[in-house]
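Inspection log for the structure reproduced underneath, given as structure tokens.
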Amino acid sequence: MEPLEGATTVERMLLDQARRTYTPANGSIELLPLCNMNCDMCYVRLSREEMERQGKLRTADEWLEIGRQMKEAGVLFLLLTGGEPFLYPDFRRLYLELRKMGMIITINTNGTLIDEDLAVFLGKYKPRRVNITLYGTDEETYASLCHYPGGYEKTLRGIRLLREHGVDVKVGGSLTRANRADLDKLLDVEKELGIPVRVDTYMMPATRERDLPYNMQSRLDPEEAARARIHALKREMGPELFPQYVQQSVYRADHPEPVESAPGHMSCMAGQCSFTINWQGEMRPCVILSEPAASVFDMGFEAAWKYIVEETHKILLNAKCTSCHMRHLCRTCAASALLETGSYGGVPDYMCRYAEESLRILREEWENIQNGQDISDR
Amino acid sequence: MKTNSEYMLREIAGEAVLIPTGSASQQLNGMIRLTDTAAFIWKQVDTAVDLEEIVARVRDEFDVDEEIARRDIYGFLHELYIRDIVQDIPEMDQGADNL
Ligand code: SF4
Ligand code: SF4
């Protein structure tokens, strides 16, 4: 997972600096677990009854107090997410006040609740970007996968309204068995709507499916995920950049930098300059990791962050991965290792197969490029 | 002189950035990274009467040639002035043509 997708150069520079100094410059708050849709693969959503059994929503004023502490600690980029954040009571006041504190805010939404009024509001007080998840490219998928008939049209309307009011939008999709045939249609949305689309083909295993064979899980099997990823990259990069990417990837696999094979620390931003807080106030290094965790409401933001940094530093990954020649093609990370294998130090078989297949296809592409063949779309 | 109150200077991990809040994001959606000197200049704006006073303060703080300081300060604040990020600069309100 990339905590701050599509970051500009200045943003990356700031994050690098933040990482060196363990400043929590980037974070997300999951405001509520409620959502108007009910997607099969969602790991956050609770019904109102389920939520009430676990606790109650924190008020905007409670979050604003955390906001003040976050500002002190150096939080700059803040992602508001859920559930569906636009269902959070008092969303607009919270949003405006956080912006007044100097936070640069991104919003993750399913897009279905964006009407003219909300689009005008966001056009006036612009977020850094609104990320909209597209679950499919027709009403059938929205009905079967998200149990929300009519959701497709509503999402498209939301995207259009935001664009009309000058709000930056990015569409994200994930490919599963249920919509595997839609990859190209999802990517077509980029041209049709004139906004960037990024389709993820790797999904961590769902809790209830972890012990099933890959072909019985709702995600793609590793080889198909790798093929779809490279197909998407090829379309995203185009004929100029893709050959360079192919060449560099193959070269790096054949000429790996000599590194000592020792258990490595986490290399992403989580717990170094990035954090997430769930609707109950529990801070964690990233959305996928359920531990280490500390409550910002009990401990205060600063102390919770210190704890997360210390504990994250103790997490060690497998030595084999540190020196692996396919590391650049592989998506393994602490969260992936934990969810795929049950421990941070595991070597996820799914990822090894994904990386191997990626390398195989890239070698094939490289041969075609060298032979001057037209890069055929597979 | 005054800074537009919808812009906030923040220091994140030792880096100074200028961030639009409120509806200022309609003019500038993103942020401006400031060098140490630029951040120092920004902090003087609300309490200085005119640009010459900032030139003097910068020369007290940094070891810099007067002409270079003047050129840089006028240049930097002119950029902010035309974007309405800094307002009421006497030297510029009279007409920016002689800059
Ligand atoms: S641990 Fe994995 S999922 Fe979590 S932020 Fe890092 S790379 Fe992303
Ligand atoms: S998971 Fe497998 S492919 Fe990925 S870095 Fe580790 S050993 Fe290499």
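Any value given below was found using the heavy atoms of this structure, including those in side chains, with hydrogens, waters and symmetry copies removed. Residue numbering restarts at 1 for every chain, and letters A, B, ... go by the order of the sequence lines.
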Looking at [X], I'd like to know if its [atom1] atom is crowded, meaning that more than 12 non-hydrogen atoms belonging to other residues, nucleotides or ligands lie closer than 6.0 Å.
| X | atom1 | result |
| --- | --- | --- |
| E291(A) | CD | no |
| E72(A) | CD | no |
| D46(B) | CG | yes |

message = So for L96(A), is it side chain, backbone, both, or neither that comes closer than 4.5 Å to the heavy atoms of chain B?
response =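 It is neither, since no heavy atom gets under 4.5 Å.
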inquiry  = Quick check on M101(A) against chain B: is it the side chain, the backbone, both or neither that has a heavy atom closer than 4.5 Å?
reply    =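 For M101(A), the backbone is the part near chain B, not the side chain.
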task = Would you give the length of the straight line joining atom CD of E15(B) to atom CG of L76(A), rounded to the nearest 0.5 angstrom?
result =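 Reported to 0.5 Å precision, the distance equals 11.5 Å.
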ask   = When rounded to the nearest 0.5 angstrom, what is the spacing between OG1 in T21(B) and CG in L98(A)?
value =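 Going from the OG1 atom of T21(B) to the CG atom of L98(A) covers 12.0 Å.
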query = Among R20(A), M103(A), Q17(A), R19(A), which residue forms the greatest number of heavy-atom pairs with chain B at distances under 4.5 Å?
reply =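 Winner by heavy-atom pair count: Q17(A).
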inquiry  = So if I apply the side chain to side chain donor-acceptor pair (under 3.5 Å) rule between S25(B) and each of R128(A), R99(A), K126(A), which one comes out positive?
reply    =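 So the option named by the test is R99(A).
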inquiry  = Could you check whether any side-chain N or O of R33(B) sits under 3.5 Å from a backbone N or O of V10(A), counting only pairs where one atom can act as donor and the other as acceptor?
reply    =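 No; judged by distance alone, with no hydrogens or angles, the pair does not exist.
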ask   = Picking from S23(B), A24(B), G30(B), which has the most non-hydrogen pairs under 4.5 angstrom with chain A?
value =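 Ranked by contacts with chain A, first place is S23(B).
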key: Positions in residues 159-166 of chain A that reach chain B, provided some heavy atom is under 4.5 Å away   =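 The stretch does not come within 4.5 Å of chain B.
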Heavy-atom check, side chain of K100(A) versus side chain of M8(B), under 4.5 Å =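 Not in contact.
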inquiry  = Using side chain to side chain contact (heavy atoms under 4.5 Å, CB included), reason through E11(A) and M31(B) one step at a time and then give a plain yes or no.
reply    = CA-CA 9 Å; E11(A) 290 172 344; M31(B) 57 187 169; 3.6 Å; yes
query = Looking at G74(A) and I12(B), what are the two nearest heavy atoms and their distance?
reply =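 Taking G74(A) first and I12(B) second, the nearest heavy atoms are O-CD1, 3.5 Å.
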message = Ignoring hydrogens, what is the shortest heavy-atom contact between T21(A) and A13(B)? Give both atom names and the distance.
response =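 Heavy-atom minimum between the residues: OG1-CB, 3.4 Å.
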Enumerate donor-acceptor pairs with a distance under 3.5 Å from any side-chain N or O in residues 301-313 of chain A to protein atoms, sequence neighbours excluded.
unit_1  : atom_1 : unit_2  : atom_2 : d
W305(A) : NE1    : Y22(A)  : O      : 3.0
E311(A) : OE2    : K314(A) : NZ     : 2.8
T312(A) : OG1    : I308(A) : O      : 2.6

